[in-house]
Amino acid sequence: MDYYLVVFFCFAITLHNIEEAIWLPKWSQQSSRFQKPVTSSEFHFAVIFITILAYLSAFSFLYMPESDFAKWIFIGFLGSMIFNAIFPHLIVTILMKKYAPGLLTGLLLNLPINSLVIYQMFSKNLIIWKELVISTFVVGIILLALIPFLFKVGGKITPSYYVD
């Protein structure tokens with residue numbers, strides 16, 4: 001696996017998560033059936049934790065390309081972030097007729113960069129469709145299940161510099 005593709009993935013997810021960290025907590029305070037209100041401390045804790053997991057998945061695969069487990073987690077992250085650009089970001093923006101934080105970086109960074117990484121992995125016969133689909137589903141479900149837990153933990157670890 002080319003290291004620059006892993007770096008591009010990390011770059012894309014980092015910028016995406018920074019965009020969300022800046023604007024999503026305030027955006028979530030408006031009443032919506034798509035997003036429960038979340039404080040800055042809750043969201044920042046969760047987004048930092050998930051970003052660290054993404055980096056761990058990317059560098060685990062880079063340094064252990066023979067490990068199927070490392071590969072499956074990495075491609076699961078790739079697929080989940082592609083899916084995330086559409087559901088919820090694009091769909092929520094359309095349905096609410098208001099920009100959902102993360103849409104721009106999701107569509108302009110995560111979607112093309114992660115698609116390129118996946119394309120390269122297919123072209124080098126590193127993955128098959130079944131692995132991509134199953135890994136995306138499993139990692140996506142795990143991430144979705146982790147988010148409320150991370151929000152709860154982040155809400156309990158409220159540094160004094162956070163003011164919502």
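In this text the structure is predicted, and so the values were computed from the model without any measurement.
- Of the possible polar contacts, none joining the His16 side chain to the Asn110 backbone as a donor-acceptor pair under 3.5 Å is found.
- Rounding to the nearest 0.5 Å gives a distance of 10.0 Å between CH2 of Trp27 and CZ of Phe43.
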Quick one: do Lys98 and Gln30 satisfy side-chain contact (heavy atoms from CB on, under 4.5 Å)? Show the steps, please. CA-CA 11 Å; Lys98 186 171 183 173; Gln30 60 190 313; 3.4 Å; yes
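- Listed for the Ser57 side chain is a donor-acceptor partner under 3.5 Å among the backbone atoms of Ala54.
- Follow the hydrophobic side-chain contacts under 4.5 Å out from Ile134 and you reach Phe77 in the same cluster.
- By the 30° and 60° cut-offs, the orientation of the rings of Phe8 relative to Tyr4 is perpendicular.
- For the side-chain contact (heavy atoms from CB on, under 4.5 Å) with Pro88, the lone residue among Val92, Leu90, Ile86 that qualifies is Val92.
- Between Asn114 and Ile13, every side-chain heavy-atom pair lies at or beyond the 4.5 Å cut-off.
- Within the 3.5 Å criterion, the main-chain N or O of Pro37 finds no donor-acceptor partner in the side chain of Gln29.
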Stepwise, does the side-chain contact (heavy atoms from CB on, under 4.5 Å) test hold for Thr136 with Ile75? CA-CA 7 Å; Thr136 297; Ile75 62 175; over 6 Å; no
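- Side-chain heavy atoms closer than 4.5 Å link hydrophobic residues (I, L, V, M, F, W, Y) into clusters, and following such links, even through other members, never connects Trp72 to Ile128.
- Centroid-to-centroid, the aromatic rings of Phe151 and Phe45 stay 6.0 Å apart or farther.
- Glu42 places a side-chain N or O within donor-acceptor distance of the main-chain N or O of Thr39, the cut-off being under 3.5 Å.
- How far CD1 of Ile73 is from CG of Asp68: 11.0 Å, rounded to the nearest 0.5 Å.
- Side-chain atoms of Ile113 and Leu78, non-hydrogen and from C-beta on, never get closer than 4.5 Å to each other.
- Placement of Leu108 and Leu111 within a single hydrophobic cluster is found when ILVMFWY residues are connected by side-chain heavy-atom separations under 4.5 Å, directly or transitively.
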Determine, step by step, whether Ile48 and Asn17 satisfy the side-chain contact (heavy atoms from CB on, under 4.5 Å) criterion, reporting the C-alpha distance in whole Å, the side-chain angles of both residues, the deciding distance to 0.1 Å, and the verdict. CA-CA 8 Å; Ile48 289 167; Asn17 288 346; over 6 Å; no
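- A donor atom on one side chain and an acceptor atom on the other are not found under 3.5 Å apart for His44 and Glu20.
- To the nearest 0.5 Å, atoms CG (Asn84) and CG (Leu144) are separated by 8.5 Å.
- Distance check: Ile18 CD1 to Ile22 CD1 gives 6.5 Å after rounding to the nearest 0.5 Å.
- Residues Trp23 and Tyr99 place their aromatic rings such that the two centres sit no closer than 6.0 Å.
- A single hydrophobic cluster is not seen to contain both Val138 and Val133; linkage of ILVMFWY side chains at heavy-atom distances under 4.5 Å, directly or through other members, places them apart.
- The CZ atom of Phe9 sits 12.0 Å away from the CG atom of Leu62 when rounded to the nearest 0.5 Å.
- Within a 6.0 Å radius of NZ in Lys130, no more than 12 heavy atoms belonging to other residues, nucleotides or ligands are found.
- Under a 3.5 Å cut-off, the side chain of Thr93 and the backbone N or O of Ala100 do form a donor-acceptor pair.
- Note on Tyr3 and Ile118: same hydrophobic cluster, where clusters join Ile, Leu, Val, Met, Phe, Trp and Tyr whose side-chain heavy atoms are under 4.5 Å apart, directly or indirectly.
- Taking 4.5 Å as the limit, some side-chain heavy atom of Asp2 sits within range of a side-chain heavy atom of Leu5.
- Put simply, CD on Glu19 and OG1 on Thr105 are 3.5 Å apart, with the number rounded to the nearest 0.5 Å.
- Shown here is Phe122, whose CZ atom has more than 12 heavy atoms of other residues, nucleotides or ligands within 6.0 Å.
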Full working for side-chain contact (heavy atoms from CB on, under 4.5 Å) between Cys10 and Phe59: CA-CA 9 Å; Cys10 292; Phe59 288 103; 3.7 Å; yes
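- The closest donor-acceptor contact from the side chain of Ser40 to the backbone of Pro25 lies at 3.5 Å or more, if one exists at all.
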